[in-house]
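Taking it in order: structure first as structure tokens, then the write-up.
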Number of protein chains: 2
Amino acid sequence: MTKGRGKGRGSPYRVQVLERALAILETLAGNESEPTLIELSERLGLHKSTVHRLLVVLEQYRLVERNQQGGGYRLGLKLFELGSKAVARLDLRERARPYLEQLVYETGETAHLCILDHGEALCLEKVEPPRSVRVPTNIGQRHPAHCTAVGKALLAFLPEPKLDDLIKRQGLRAYTRNTITTPAQLKEDLERVRQLGYAVDNEEVEEWLRCIGAPVRDYSGEVVASISIAGPNFRLTDDKIPMLAKVVIETADQLSAELGYRGASSQAGVGEVSQGQVGL
Amino acid sequence: MTKGRGKGRGSPYRVQVLERALAILETLAGNESEPTLIELSERLGLHKSTVHRLLVVLEQYRLVERNQQGGGYRLGLKLFELGSKAVARLDLRERARPYLEQLVYETGETAHLCILDHGEALCLEKVEPPRSVRVPTNIGQRHPAHCTAVGKALLAFLPEPKLDDLIKRQGLRAYTRNTITTPAQLKEDLERVRQLGYAVDNEEVEEWLRCIGAPVRDYSGEVVASISIAGPNFRLTDDKIPMLAKVVIETADQLSAELGYRGASSQAGVGEVSQGQVGL
DNA sequence: TATGGCATCTCACAATATGAAACAAGGAGG
DNA sequence: CCTCCTTGTTTCATATTGTGAGATGCCATA
């Protein structure tokens, strides 16, 4: 019952077992606790038997583990293995780490590296300062693009039609009262990002959380990632933001250079850019 | 044709589609290049149609991506997402990183953090020194346990029956002429690890590569991980090993303390150990 | 010993995945 | 310009494959 569980887009191809197996994985990914076979089957609206059979196979392949003689089920480490392979091709991650560390050192705030993946900001790497307010993010986590600094730093350099497409598909959900919720506002904000060279998340996703992000370009000049610092509003105050932004931009530019970007000291050259429009 | 493709262990449950889908993922994980639909179907001995259908579904769920309008297929970033969730529960990784960095700082060599997963050493984290000989390992990669320092540091604290079981299942494959290939030799070596508090990989997996590893314990005293440094034989020379081992052990002990181990300053008390032979 | 929660197994049924073959879309080369 | 070849996409009849009700087994706790 309740067959086509969400997933919206009517797609021509379906493979029931596969979809169910993946639903299991997603459920395990979503839950802190480690659900039991029956909890799982209830949550998915599937039969004990069915879920059991799938779990056994998934376990054979290490995509799923059991707590130890009995407990619940959880994601297996094979996924970590595969996931590591999936990001290995973007060696961004390894190359960016020193720069993130430098950023943490210079600002004392948590630093992130993200890429745009299917309209959301996917966090590839995070470096935290020794002791700090806990920023509620994790490596591998997705974040909405329209209300995060990393997200906006990426969106700002997307061709307009793609941007429109994303807005239409993802919507602009409100997380706090500061969240931007109309396309017009968002575009205005992105224009500011292009002019200043950095993006700000002013408590748009979490009440007390502010972020400052800047784009990272590869050898071809394309924006392929963004980095940011994140901290509580009482440390990232309005008057400090320009100064901190300068540091973030500098670091992002260094990383861009590492990736082969020989920018004509072009857009957002920190010092002097903001005279003309930077143009979409 | 060729139905039960390897996977040996005759297990009571089988779900064909799932197994095939996972075979696709494994193939994509194993290949540097990004194979095309037909290459994939040939390699798997499956029909174009079948593979295509599976790929489309896998792509819907982001487990697989295409190169961009046309190229080959490759692993999708959803796997990274799931994989990150899978290791999040062992927060080992984040907590260990500073110690690995310290280790790199103090020794100038590449540092690794591994756990024992199904008889192999799974690399959870790696930190490299600024410029160094490239150590051929990656985060997420599995390594044989019997011929690596991280592996032996873990094996040494396994109950004997489990060890025997592992040896029987994994075998002791030779990678170089230094690789230990008999259970007796291995056990002798592991005894030495227990006495000295550290394990050495003396070019047992790669001709020029040496490693020094030490176990990490959690609050309960159980060995849950190991850390190591790895470098070329001309830097990790016999005479330097005891000194370097001391550093590795100290760092491992600090990490153990961080994890809540209030060890009775027990085995391998760092200070006085090394008078014996360094062995091997 | 009874009880309940959970995992595992069996089996008849039909829904589901399968793969042959036809079609479409490019690209390369003559 | 046309043909040939490679790769991806779609369709459809078929029986292989997955399904789920229910029975059984297992191990706790009461």
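Computed from a predicted structure; not experimentally measured. All chains are named by letter (A, B, ...) in the order of the sequence lines, taking the proteins before the strands, and each is independently numbered beginning at 1.
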B:Tyr73 side chain to B:Arg66 side chain, donor-acceptor N/O pair below 3.5 angstrom
yes

Identify which nucleotide among [options] has an atom closest to any side-chain atom of [X], counting heavy atoms from C-beta outward.
X	options	result
B:His52	D:dT9, C:dG19, C:dT8	D:dT9
A:Tyr73	D:dG8, C:dC9, C:dT8	C:dT8
A:Leu37	C:dG19, C:dA7, D:dT19	C:dA7
B:Thr50	C:dG19, D:dT19, C:dT8	C:dG19
B:Arg53	C:dA7, C:dT16, C:dG19	C:dG19
B:Ile38	D:dT7, D:dT19, C:dA7	D:dT7

From [atom1] of [X] over to [atom2] of [N], roughly how many Å is that when rounded to an integer?
X	N	atom1	atom2	value
B:Leu54	D:dT9	CG	P	14 Å
A:Leu18	C:dA17	CG	P	9 Å
A:Ile24	D:dG18	CD1	P	14 Å
B:Leu40	D:dT9	CG	P	13 Å
A:Leu46	D:dG18	CG	P	15 Å
B:Leu58	D:dG8	CG	C1'	16 Å
A:Glu19	D:dT19	CD	P	11 Å
A:Leu55	C:dA7	CG	P	9 Å

Which part of the nucleic acid, if any, lies within reach of A:Thr36 when heavy atoms closer than 4.0 Å are counted: base, sugar-phosphate only, or nothing?
sugar-phosphate

Earlier contact from the 5' end, DNA chain C, for A:Glu39 and A:Val15
A:Glu39

Looking at every heavy atom in both A:Arg97 and B:Lys126, which two are closest together, and how far apart are they?
NH1-O, 3.3 Å

Hey, does the side chain of [X] come within less than 4.0 Å of [N]'s phosphate (OP1/OP2), counting only N and O?
X	N	answer
B:Tyr13	C:dT8	no
A:Gln16	D:dT19	yes
A:Arg14	C:dT16	no
A:Arg66	C:dC6	no

Starting from the 5' end of DNA chain D, give me the residue, A:Lys48 or A:Val17, whose nearest nucleotide shows up first.
A:Val17

Which of these passes side-chain contact (heavy atoms from CB on, under 4.5 Å) with A:Phe80: B:Leu79, B:Asp117, B:Leu82, B:Ile139?
B:Ile139

My understanding is that only one of B:Arg43, B:Glu26, B:Glu39 makes a side-chain hydrogen bond (donor to acceptor under 3.5 Å, both in side chains) with B:Asn31; could you say which?
B:Arg43

Parallel, tilted or perpendicular: rings of B:Tyr175 and B:His146 (30°, 60°)
tilted

